[in-house]
Protein chains: 2
Amino acid sequence: MSLMRIGEKPEIARLPLFRDMDDAMRERVLSGSFLQVFPPQLTLFERGQQADFLHVLVDGLVELYVSGTGRDTTMKIVEPVTSFILAAVMTDLPYLMSARTLTSSRVLLVPAALMREVIRKDTALMQATMHELALGYRDMVRALTDMKLRQSAERLANHLLEFSAQRGNAWDFELSGEKRVLASLLGMTPENLSRAFGTLKEQGVSVNGARVRIEDRAALAAFARPDPVPADR
Amino acid sequence: MSLMRIGEKPEIARLPLFRDMDDAMRERVLSGSFLQVFPPQLTLFERGQQADFLHVLVDGLVELYVSGTGRDTTMKIVEPVTSFILAAVMTDLPYLMSARTLTSSRVLLVPAALMREVIRKDTALMQATMHELALGYRDMVRALTDMKLRQSAERLANHLLEFSAQRGNAWDFELSGEKRVLASLLGMTPENLSRAFGTLKEQGVSVNGARVRIEDRAALAAFARPDPVPADR
DNA sequence: CTGACTGTTTGACCAAGATCAAAAGCGCGC
DNA sequence: GCGCGCTTTTGATCTTGGTCAAACAGTCAG
């Protein structure tokens, strides 16, 4: 158990999840947790396991995925600084998703029992947890509708617009992670992702390796028919 | 606003959401709410609207759906007694889904502001809300993986098994609602649902109108390859 | 009972995306 | 720089599920 100075990471304390809680309580949580470094491509946990730790990705890139019969599908790509698998920890139920690092990553591991105990005592933490779960739920609603009523090129278009929005509406950016992972996230094969980029070229999107440039945001938005209800975060 | 004696409905007080809260607080919530009867096919609210009420379906059948460009898709069929759209109410964000009654329904409408106010004061309610949201999140994770890595007949098979499980593993039951709605819930067209029932006939499923009979549960389960992690509720 | 309306089923065909195979491109170690 | 291994792309083909059209079944009003 490689302990590290957690106090050095103020971004953890500034997370929406921990931000509003009592200082002493936060200290209690953080001092009971530990920060660990993982190499790329390492499985952090698997679907079906008991949820022993709340994870907070401090640095790196993590993939949440489900491996069914034969094929896998990635459910989410976690970027720092974000907590993940809150729901399993909260309910003390087995993980529904597996997690692996995509790049070398630093993860804060908060023991699930500790988390549940402190949540019961600290109302602000409970409220933040509730809020986080509600936003997570809404994310999933969006993802499911996206999957159910958009076709592949539209899903890609929307993803690019959202990704761009996350980086301050940059019209030129680098995709994080491999394209095969992106394909799986968007519910298509890598071959099809490639072709989808092809059809977006006609809507003013140019791709060179991981570098994507949105030449004509309006055209892309018209093609993507984005969600009328704006994203929550 | 047709008020009704809410005290007559103890199943509301017994809901997981309200069960553990302070009695006086519960009384406050319920007396500030009202029970209303809606005819079939009535829209209760639409995606994009401000979330004014937490809804609790007391009686009847409600469909949560999203209407995108051209097509619709149903996200959930709500059976009594269940609360719905908790996440929108909690976060005070616009609804992500629309709702309509499928049959004549009685719905308890809890003003969202009241709900949020009482949640802040009553820790047990907050905890129950948190738990409910976590379970809802997990439901959506399941639905999304189902959509992403199972094909249509498998989705139907799984749905039938789960539906059967909900009714105490009955091997013979009635589908609730129309088949077109079920098709939409499962992410396929009515035509395809019909064909999917056809392929399940070979796995020992017989259908007559809304009546479904599972002749060989083992064969159906083998075909469906159900989720290794058991359902939460 | 009959006819109109609606929902379901069946069949023929079409389109989106998956699969298979092979060629490029790219990164990395030697 | 060169070659190996892996990802990405391109092309050809196949499968799944969607679309369109028509037959069929069930319900309800008259």
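Basis for what follows: all heavy atoms, side chains included, without hydrogens, waters or symmetry-related copies. Convention: sequence-line order gives letters A, B, ...; per-chain numbering from 1.
One can place NZ of Lys148(A) at 17 Å from P of dG17(C), the figure rounded to the nearest angstrom. If you measure from atom CE of Met147(B) to atom P of dG17(D), you get 9 Å, rounded to the nearest angstrom. When the C1' atom of dT19(C) is taken as reference, atom CZ of Arg71(A) falls 11 Å away, rounded to whole Å. When rounded to the nearest whole Å, the span between CG of Leu156(A) and C1' of dA16(C) equals 15 Å. Atom CZ in Phe197(A) sits roughly 12 Å away from atom P in dT10(D) (whole-Å rounding). Residue Leu200(A) contributes atom CG, which lies 13 Å from atom P of dT9(D) at whole-angstrom precision.
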Evaluate Thr103(B) against Ser105(B) for side-chain contact (heavy atoms from CB on, under 4.5 Å), listing each step before the verdict. CA-CA 6 Å; Thr103(B) 65; Ser105(B) 300; 3.9 Å; yes

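Taking the six-membered ring wherever Trp is involved, the centroid distance between the rings of Tyr95(B) and Phe45(B) falls below 6.0 Å.
Annotation: side chain of Arg106(A) is not in contact with side chain of Gln36(A) (no heavy-atom distance under 4.5 Å). Taking the side chain as every heavy atom from C-beta outward, Leu193(A) and Leu156(A) approach each other to under 4.5 Å.
Side-chain contact annotation: Ser164(A) with Arg217(A), donor-acceptor N/O pair under 3.5 Å present. With 3.5 Å as the limit, one finds no donor-acceptor pair spanning the side chains of Gln41(A) and Thr101(A).
Note on the helix from dC1(C)-dG30(D) to dC30(C)-dG1(D): angle between the axes of the first and last five pairs equals 30°, rounded to 10 degrees.
Ion pairing of Arg167(B) with Glu162(B) is absent here, as no side-chain N (NZ or NE/NH1/NH2) approaches a carboxylate O to less than 4.0 Å. Arg47(A) and Asp227(B) are joined by a salt bridge, as a carboxylate oxygen and a charged side-chain nitrogen come within less than 4.0 angstrom of each other.
The stretch residues 177-196 of chain A touches DNA chain D through Glu178(A), Lys179(A), Arg180(A), Glu191(A), Ser194(A), Arg195(A), each having a heavy atom within less than 4.0 Å of the strand.
As judged by a 4.0 angstrom heavy-atom cut-off over every strand, Arg155(B) is placed among residues making no nucleic acid contact.
Along DNA chain C, the nucleotide closest to Asn208(A) and the one closest to Arg150(A) are compared, and the more 5′ of them pairs with Arg150(A).
Here the closest heavy-atom approach between residue Ser83(B) and residue Glu132(B) is recorded as OG-OE2, 4.3 Å.
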